2 protein chains.
Amino acid sequence: MVNVFTMDAQIDEILRKNQLSVTGSRKRILELFLMSNGALAHGDIEKKTGEKFDRVTVYRTLQTFLEKGIIHNIPTADNSVLYALCKDDCSEGHHHDNHVHFICSECGKTICLADVTVPEVKLPGGFLPHEYQMVVTGLCKECR
Amino acid sequence: MVNVFTMDAQIDEILRKNQLSVTGSRKRILELFLMSNGALAHGDIEKKTGEKFDRVTVYRTLQTFLEKGIIHNIPTADNSVLYALCKDDCSEGHHHDNHVHFICSECGKTICLADVTVPEVKLPGGFLPHEYQMVVTGLCKECR
DNA sequence: CACTGGCATGCAACTTTGTTGCAAAAAGAT
DNA sequence: ATCTTTTTGCAACAAAGTTGCATGCCAGTG
Ligand SMILES: [Mn+2]
Ligand SMILES: [Mn+2]
Ligand SMILES: [Zn+2]
Ligand SMILES: [Zn+2]
């Protein structure tokens with residue numbers, strides 16, 4: 001059971017820290033990310049907020065969160081775009097979410113494995129790496 | 001300069017080997033993959049084939065190639081869907097393309113690093129891994 | 001608490017991307 | 001050359017994402 005009081009305060013703090021005005025849609029969408037232990041797609045958010053907010057507002061809110069470094073997006077092999085909360089020390093333009101992502105092929109859930117760091121690999125000469133990303137598919141705890 | 005004669009024969013062979021009838025669109029799209037050293041998006045193919053084939057045909061051809069294991073798709077953090085040729089020993093359903101993919105943030109090219117194998121990482125208890133995928137962003141040889 | 005400038009939202013209209021059913025055309029087999 | 005099966009193009013549709021603009025709400029000021 002999640003403590004609603006502290007979550008509300010947390011949401012406010014995140015928005016303030018990023019110099020964003022505290023609005024209904026931003027609070028709600030941030031709440032959804034905090035409640036979910038996994039990643040969310042645009043469609044998930046639309047479903048969970050119902051008719052409360054316009055589709056366009058959801059797009060713009062996600063875009064804003066991305067730019068501020070509140071969320072990061074996750075590479076997937078299909079065309080789906082997934083977003084997940086960043087750790088505390090991510091900031092505009094500079095992310096530290098170099099952790100592995102796990103996608104369950106059964107339930108479809110995508111989970112940030114915050115404790116599993118992406119290993120760096122040696123590249124052939126000429127390539128100048130900037131960021132390493134890793135996605136593992138398989139079965140999650142519940143589905144195996 | 002690419003030898004057109006051998007490429008044509010190669011295209012035929014690939015299609016035959018996968019029990020696909022040899023048609024104009026399949027030949028042309030396969031040719032594009034063989035000529036390009038990187039990955040292609042649906043949009044790239046549409047641009048390069050011009051008005052020659054219907055959009056729907058391109059979608060269906062890519063779908064067929066995917067199912068047959070002629071191409072594989074590449075995870076990306078944005079919403080783009082990328083495809084690249086599989087190695088010879090890929091077959092329907094069973095891919096061996098466990099190599100790292102490099103995306104140049106300057107020119108946008110995506111390259112299969114066929115010789116760089118994706119490292120396996122140790123996951124927290126409960127997760128049952130099936131496939132590991134890795135994407136590296138940075139600057140390619142030409143852009144650095 | 002009321003006022004106000006600037007930012008966020010909703011709406012409408014539009015573009016882009018992807019899907020489906022079906023008839024015509026092309027490919028492969030005999 | 002003829003027949004059967006597969007592939008293609010077209011049309012219509014559905015889903016996903018974008019843009020401009022008027023209205024509404026937020027945060028700061030007095
Ligand atoms: Mn993550
Ligand atoms: Mn590849
Ligand atoms: Zn699962
Ligand atoms: Zn480049």
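All chains are named by letter (A, B, ...) in the order of the sequence lines, taking the proteins before the strands, and each is independently numbered beginning at 1. Everything numeric in this text was worked out from a predicted model, so none of it was measured.
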> To the nearest Å, give me how far apart CD (E51(A)) and P (dT9(C)) are.
17 Å
> Any chance you could measure L32(A), atom CG, to T49(A), atom OG1, to the nearest 0.5 Å?
7.0 Å
> Taking the side chain of T57(A) as heavy atoms from C-beta outward, which of dT8(D), dA8(C), dT9(C) is closest to it?
dT9(C)
> Once you round it to whole Å, what is the distance between P of dC25(D) and CZ of R26(A)?
15 Å
> Can you tell me how far C1' of dT16(C) sits from NZ of K47(B), to the nearest Å?
12 Å
> Mind calculating the distance between CG (L66(A)) and P (dG17(D)) to the nearest angstrom?
13 Å
> Using whole Å, what does the distance between atom C1' of nucleotide dC11(C) and atom OH of Y59(A) come to?
16 Å
> If you only use heavy atoms from C-beta on, which nucleotide in dA8(C), dG18(C), dG10(C) is closest to the side chain of L20(A)?
dA8(C)
> Among dT18(D), dA27(D), dT8(D), which nucleotide has an atom closest to any side-chain atom of R60(B)?
dT8(D)
> Is the shortest side-chain N to carboxylate O distance from R16(B) to E13(B) below 4.0 Å?
no
> In terms of the angle between their ring planes, are H42(A) and Y59(A) parallel, tilted or perpendicular, with boundaries placed at 30° and 60°?
parallel
> Nearest to the V81(A) side chain among dT9(C), dA27(D), dG17(D), which nucleotide is it?
dG17(D)
> Would you say T23(B) places a side-chain N or O within less than 4.0 Å of OP1 or OP2 belonging to dT8(D)?
yes
> How close or far is atom C1' of dT17(C) from atom CG of D78(A), stated in whole angstroms?
15 Å
> Is it true that K48(A) and D44(A) make a salt bridge, defined as a side-chain N closer than 4.0 Å to a carboxylate O?
no
> Classify the side chain of R55(A) versus the base of dG17(D) as yes if they form a donor-acceptor pair under 3.5 Å and no if they do not.
yes
> I want to confirm an ordering. Mapping V22(B) and E46(B) to their closest nucleotides on DNA chain C, which one lands closer to the 5' end?
E46(B)
> In whole Å, what is the span from the CG atom of L62(B) to the P atom of dT17(C)?
14 Å
> Is it the case that atom CG in D115(B) sees more than 12 heavy atoms from other parts of the structure closer than 6.0 Å?
no
> If you find the nucleotide of DNA chain D closest to H42(A) and the one closest to F53(B), which residue's nucleotide is nearer the 5' end?
F53(B)
> Whole Å only: how far is the CG atom of D54(A) from the C1' atom of dT19(D)?
13 Å
> Is any side-chain nitrogen or oxygen of S25(B) closer than 4.0 Å to OP1 or OP2 of dT8(D)?
yes
